[in-house]
Amino acid sequence: MKIFIDSANIDEIKEANALGIIDGVTTNPSLIAKEKRAALAVLKEICSLVHGPVSAEAINLDASGMIEEARQLSKIAPNIVVKIPLIQEGIKAVRVLSGEGIKTNVTLCFSLPQALIVAKAQAEYVSPFVGRLDDVSHNGMDLIRDIKQVYSNYHFKTQVIVASVRNPLHVVEAAKIGADIATIPFSVIEQLLKHPLTDIGVERFIQDYKKIPKA
Ligand code: E4P
């Protein structure tokens, strides 16, 4: 499973990148707004740090506006993927953009029929939001399971990005299901590698090392 970092924060992206486990980045307008810098500058810097796909979201809501915005965004760097909202106009835009070779990540997916439409439109990625489904008492990971089954039934090429990840269990479940990608906030990446027994073990080895006679 590929791991993307879900962040627009340069320090977080640098730190996660230093771990050598990051395959790409997803951003959204809310994440970029937190950085209090121009979106273009933030996206350019992220693309200079990470060679894998970097998702940048289109904010126009009509197909022609989205297509034009996507063309502009894709000029930032060759690894830009344009995030398109899963609305009727968005699906029209995806079809045109895939024809032009511009990769799209269709975002805000909350149901299986929506995911089916995204695959038929030949998007590169679909992003089902598991945490936001959990928030409204629907099991987000059940949706990932269903999408993977249907995509595999028909050999659809659209890759599933598990998004709105809130905790390590979402990542574990995503990996068990065989999701293509999980996009993970930095705080959850940190949680993934933590285990109290590791910390206790490290501390014990350090203390015991001090008891070893020096030659
Ligand atoms: C995905 O691409 C989105 O940026 C993100 O996962 C949304 O997560 P949230 O529900 O925590 O805002």
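Counting convention: from 1, in listed order, for ligands and their atoms alike.
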- prompt: Is there a side-chain contact between Ser55 and Tyr125 (heavy atoms, below 4.5 Å)?
  reply: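 A side-chain contact under 4.5 Å is absent here.
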
query: Around ligand 1, what residues show up once you keep those with a heavy atom under 4.0 Å from it?
result: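 Under the 4.0 Å cut-off, ligand 1 touches Asp6, Thr26, Asn28, Lys83, Phe129, Arg132, Ala163, Ser164, Arg166.
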
Whether [X] side chain and [Y] backbone form a donor-acceptor pair below 3.5 Å:
| X | Y | result |
| --- | --- | --- |
| Tyr151 | Leu116 | no |
| Lys44 | Ile76 | no |
| Thr104 | Val106 | no |

field: Asp142/Arg145 salt bridge by N-O under 4.0 Å criterion
entry: yes

query: Do the charged groups of Lys14 and Asp11 touch, with an N to O distance under 4.0 Å?
result: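 Salt bridge absent between Lys14 and Asp11.
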
